[in-house]
Amino acid sequence: MQNELDPDRMPKHVAIIMDGNGRWAKKRLLNRIKGHEKGAEAVRIIVRTARKLNIAALTLYAFSTENWQRPQLEISGLMLLLRRFLKSERQTLIENEIRLNTIGQIDRLPKEVRENLEAVMAATANNKKMVLNLALSYGARAEIVDMVKQIAFAAQKGAIDPAAVTPEMVADHLYTRGIPDPDLLIRTSGEMRISNFLLWQIAYSEIFFTPTLWPDFGEDEFVQILENYQNRERRYGAVTST
Ligand code: FPP
């Protein structure tokens with residue numbers, strides 16, 4: 001792979017809102033599920049590319065809390081694709097030392113999906129090179145509500161002093177605890193919204209919107225975005241010294 005990337009300045013954590021599967025299918029007069037199937041192939045490619053480039057964490061928005069409102073047939077299609085993905089990728093994750101993790105209200109997923117997820121998470125638990133973080137039945141507001149409840153209950157029991165709540169304590173009670181905040185957030189399909197994704201964690205992330213529909217998103221464009229990221233200057237609210 002020829003690219004201009006500086007291996008020392010790779011983002012540690014990349015998060016992606018994978019959008020546009022439905023439109024990809026519609027343009028080809030295909031069923032929406034066909035778009036998700038092609039989208040699952042793009043997931044395989046991007047996971048391999050991220051690992052090859054030594055990105056330490058990749059978070060993919062695979063199913064939102066709002067997605068439960070989609071037709072039952074589409075939901076079951078997505079769940080089936082997820083199970084197929086877990087089956088076909090298990091060995092690749094093991095061989096490439098990738099740990100699978102999930103964020104979201106996993107208890108709302110069908111039992112078979114939960115069992116498949118748990119099995120692959122157990123098989124990859126000690127892998128250290130990269131974490132593949134699948135956001136499933138995920139919503140950032142629900143995550144924040146869960147965090148507030150945990151901290152409020154702990155304060156009620158006297159385990160913590162409400163006056164001593166810090167940003168670090170908040171981060172420690174989110175689903176992403178232990179994973180650094182995303183340096184880079186990408187959304188495909190031209191929509192310029194955050195759609196309830198990682199609201200706390202993206203406070204200082206660089207954001208890229210691309211018109212490419214997710215099934216067409218591949219290694220070359222991912223590398224181009226990473227090159228563009230490396231050319232941006234991150235100031236975290238401070239000024240640059242001249
Ligand atoms: C958005 O497209 C995508 C999703 C709702 C789900 C993402 C799922 C996949 C990429 C496939 C399966 C995932 C894994 C991890 C194997 P959309 O349906 O909202 O597209 P539209 O906005 O064009 O209708």
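Fair warning: this is a prediction, and the values are worked out from it, not measured in the lab. Start at 1 and go down the list; that is how both ligands and their atoms are numbered.
- Using a 4.5 Å cut-off on side-chain heavy atoms (C-beta onward), I45 and F217 make no contact.
- Using a 4.0 Å heavy-atom cutoff, K26 is absent from the residues neighbouring ligand 1.
- Without hydrogens or angle criteria, R51 side chain to N96 main chain gives a donor-acceptor distance under 3.5 Å.
- Protein heavy atom at the shortest distance from atom 1 (C) of ligand 1 is M18 O, 3.2 Å.
- Take D181 and apply the side-chain contact (heavy atoms from CB on, under 4.5 Å) test, not counting sequence neighbours, and it matches Q201.
- Within the 3.5 Å criterion, the main-chain N or O of A25 finds no donor-acceptor partner in the side chain of R28.
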Salt bridge (charged side-chain N to carboxylate O under 4.0 Å, His left out) between R48 and E89, worked out: CA-CA 10 Å; R48 281 165 176 71; E89 292 306 280; 2.8 Å; yes

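- Set against the non-hydrogen atoms of F85, the atoms of ligand 1 under 4.0 Å away are 16 (C).
- The closest protein non-hydrogen atom to atom 12 (C) of ligand 1 is A40 CB, 4.2 Å.
- Among residues two or more places apart in sequence or in another chain, the side-chain contact (heavy atoms from CB on, under 4.5 Å) test is passed with K149 by V145, F153.
- Nearest to atom 14 (C) of ligand 1 among the protein's heavy atoms is V43 CG2, 4.3 Å.
- The neighbour count for I194 CD1, taken as heavy atoms of other residues, nucleotides or ligands under 6.0 Å away, is above 12.
- At a threshold of 4.0 Å, the pair K111-E118 does not count as salt-bridged, since none of the basic side-chain nitrogens sits closer than that to a carboxylate oxygen.
- Considering backbone and side-chain N/O atoms, W24 never comes within less than 3.5 Å of an N/O atom of ligand 1.
- If you look at R84 next to ligand 1, there are no close heavy atoms at all, none under 4.0 Å.
- Taking the charged nitrogens against the carboxylate oxygens, R44 and E41 have no contact shorter than 4.0 Å, which rules out a salt bridge.
- The side-chain heavy atoms of I179 and I103, taken from C-beta on, include no pair separated by under 4.5 Å.
- Of the protein's non-hydrogen atoms, R23 NH2, 2.9 Å is the one closest to atom 22 (O) of ligand 1.
- For atom 11 (C) of ligand 1, the nearest non-hydrogen atom of the protein is H36 O, 3.5 Å.
- Remark: ligand 1 atoms within the under-4.0 Å shell around heavy atoms of R32 are 17 (P), 18 (O), 24 (O).
- For ligand 1, the atoms lying closer than 4.0 Å to a non-hydrogen atom of A62 are 6 (C), 7 (C), 8 (C).
- Here's the thing with D19: one of its N/O atoms is less than 3.5 angstrom from an N/O atom of ligand 1.
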Give the C-alpha distance, both sets of side-chain angles, the deciding distance and a yes or no for side chain to side chain contact (heavy atoms under 4.5 Å, CB included) between T176 and T59. CA-CA 10 Å; T176 47; T59 297; 5.8 Å; no

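- Here's the thing with N21: one of its N/O atoms is less than 3.5 angstrom from an N/O atom of ligand 1.
- In the vicinity of W214, heavy-atom distances shorter than 4.0 Å reach the ligand 1 atoms 10 (C).
- The distance from ligand 1 to the heavy atoms of N67 drops below 4.0 Å at these ligand atoms: 5 (C).
- Judged by the shortest distance from any of its heavy atoms, G20 lies inside the 4.0 Å radius around the atoms of ligand 1.
- The shell of residues lying under 4.0 angstrom from ligand 1, judged by heavy atoms, excludes L60.
- When hydrogens are left out, the protein atom nearest atom 19 (O) of ligand 1 is R70 NH2, 2.8 Å; that is the closest non-hydrogen contact.
- The shortest distance between side-chain heavy atoms of M79 and F63 falls below 4.5 Å.
- Protein heavy atom at the shortest distance from atom 20 (O) of ligand 1 is G22 N, 3.0 Å.
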